[in-house]
Amino acid sequence: MKKIIILTIMSLALSASTMKMDYVGELSLFGKIADAKVVYDNDGEKYSIKITASGSGIVGKLTNNREYVLQSIGLVKDGVLIPQKYINAEYGKDFKKVKTYTIDYANKKTLVNEYKKERVEVSDFDIIHVRYNVSYKDVETKKEEVLDAIYHDDMISMFFNKKNNLLSMKSNETKRMSALGSEDTQEGVIVKHIKREDDKAIFSVTVEKDYLSGGSKDATFILDDENILYETRIEGILFFGDARA
C-alpha cells in the first residue's frame, strides 16, 4: 500500500541550528486524520530531518495506530544538503519495519537494507483432541538490495534543499526531480511553479505513474521564503474528498 504524508504547519520554533514544526492532516469528509512533528537540525556541517507521524480518528483505526518515522541524515557543504542515509520506518503493536537507504557516492551505488519483525499466528493440529492449537510467534526477516544509482535527494531533503532552487523558478516553469523514497519518485517527478502569493510559492508535483487509482495524480505544495515546506494538498482522493496538511 502506498503511503502519502500530507502536512500543514501549525507552529514553529527556531534556534540557531534547530527547527521544530507541528503539522496536522485533514480530509474534507473526516476532518483531522493525522498528526506529524518535524525536527530539523543543521549545524552547518551535518544535518538531520526527522518526521514522526501517526493517524488519528478513522485513519488511526485503519492503520492500527501505527507510527511512521522518516529521517534524512547527511552532511552540509556550502549550505547544500548532501544526504547520506534515508530511513523509512513503521512501528506498531507487535510490528516493526525499518528500511534504510545508504548512499555510496564513491561507488555510485545505493545500499538498501530492510528489517521486518511481526507477530504471526501459528496453528498446530492436535490429533488427540482433534483440534487446532493456535499460538503466536515473532518472525524476523531481512532483505538487502543494491541500486546501481545514487540520488542527490530523498523525499525529505528535496523540500528543504536550497540547491534545488525551487524558489527561483518562474511561473509555469517545470523541473524534473528524482529522490529516494519510492520507485516512482526515483523514476522522476515533475515539479511546476504555479504562482507566488505574498511570501510563499505554490508548486504542483506530478508523479508520472498514477498510483492514486481513481483520483488525481497531482499534488500541490507551498514553500515559504526560507524554503521550508508550509503546506501540501491533494485533491480528489478516491471518494474521500480533498486532503491537505
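As a member of the Ile/Leu/Val/Met/Phe/Trp/Tyr network built from side-chain separations under 4.5 Å, Val146 groups with Leu111. By the 4.5 Å side-chain criterion applied to Ile, Leu, Val, Met, Phe, Trp and Tyr, Ile73 is assigned to a cluster that also includes Val69, Ile87, Tyr91, Val98.
Between Asp148 and Lys108 there is no salt bridge, since none of the side-chain N atoms of the basic residue sits less than 4.0 Å from a carboxylate O of the acidic one. Note on Glu118 versus Lys116: salt bridge recorded, some NZ/NE/NH1/NH2 to OD/OE distance being below 4.0 Å.
Distance CD/Glu144 to CD/Glu114: 11.0 Å, rounded to 0.5 Å. Atoms CD and NZ, from Glu140 and Lys96 in turn, are 9.0 Å apart once rounded to the nearest 0.5 Å. Annotation: the span from Leu70 atom CG to Ile156 atom CD1 amounts to 4.5 Å, rounded to 0.5 Å. The distance from atom OH of Tyr40 to atom OG of Ser157, rounded to the nearest 0.5 Å, is 9.5 Å. Taking CG of Leu75 as the start and CD1 of Ile82 as the end, the distance is 6.0 Å to the nearest 0.5 Å. Interatomic distance, Ser178 OG to Arg176 CZ, rounded to the nearest 0.5 Å: 9.0 Å.
Of all heavy-atom pairs spanning Tyr151 and Ala179, the tightest one is CD2-N, 4.3 Å.
Remark: the backbone N or O of Leu81 is paired with a side-chain donor or acceptor of Asn161 at under 3.5 angstrom. Remark: side-chain polar atoms of Asn42 are paired, donor with acceptor, to backbone N or O of Gly44 under 3.5 angstrom.
Counting heavy atoms from C-beta on, the side chains of Met158 and Met177 come closer than 4.5 Å. Between Lys143 and Tyr115 the shortest side-chain heavy-atom distance does not fall below 4.5 Å. Looking at heavy atoms from C-beta onward, Leu223 lies in side-chain contact with Leu167 at the 4.5 angstrom threshold. The side-chain heavy atoms of Val191 and Leu166, taken from C-beta on, include a pair separated by under 4.5 Å. Within the 4.5 Å cutoff, the side chain of Ile103 has heavy atoms near those of the Pro83 side chain. Side-chain contact between Lys37 and Ile51: absent, with no pair of heavy atoms (C-beta onward) separated by less than 4.5 Å. Side-chain contact check for Leu180 versus Met155: every heavy-atom pair is 4.5 Å or farther apart. Within the 4.5 Å cutoff, side-chain heavy atoms of Tyr105 are placed close to those of His152.
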- [ ] Carefully, step by step, assess Thr52 and Glu67 under the rule side chain to side chain donor-acceptor pair (under 3.5 Å).
- [x] CA-CA 7 Å; Thr52 304; Glu67 181 180 71; 5.5 Å; no
- [ ] Check the pair Leu147 / Val112 against side chain to side chain contact (heavy atoms under 4.5 Å, CB included), numbers first and verdict last.
- [x] CA-CA 8 Å; Leu147 305 178; Val112 186; 4.0 Å; yes
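With sequence neighbours excluded, the residues that form a side-chain hydrogen bond (donor to acceptor under 3.5 Å, both in side chains) with Asp225 are Arg196. When the salt bridge (charged side-chain N to carboxylate O under 4.0 Å, His left out) test is applied to Glu45, no partner is found at least two apart in sequence or on another chain. Lys195 pairs by the salt bridge (charged side-chain N to carboxylate O under 4.0 Å, His left out) definition with Glu197, not counting sequence neighbours. With sequence neighbours excluded, the residues forming a side-chain hydrogen bond (donor to acceptor under 3.5 Å, both in side chains) with Asp104 are Asn107, listed by chain and number. Residues passing the ring pair (Phe, Tyr, Trp, His ring centres under 6.0 Å) test with Phe203, sequence neighbours excluded: His193, Phe221. Scored by the side-chain hydrogen bond (donor to acceptor under 3.5 Å, both in side chains) test, Tyr47 finds Ser72 as partners (sequence neighbours excluded). Remark: Asn165 pairs with Ser168, Lys175 by the side chain to side chain contact (heavy atoms under 4.5 Å, CB included) rule, at least two apart or across chains. Not a single salt bridge (charged side-chain N to carboxylate O under 4.0 Å, His left out) links Asp78 to another residue, sequence neighbours left out. With sequence neighbours left out, the salt bridge (charged side-chain N to carboxylate O under 4.0 Å, His left out) criterion links Lys50 to no other residue.
For residues 154-168, the salt bridge (charged side-chain N to carboxylate O under 4.0 Å, His left out) pairs, not counting sequence neighbours, are Asp153-Lys163.
Around the CG atom of Asp198, the shell of radius 6.0 Å holds no more than 12 heavy atoms that belong to other residues, nucleotides or ligands. Environment of NZ in Lys200: crowded, with over 12 heavy atoms of neighbouring residues, nucleotides or ligands closer than 6.0 Å.
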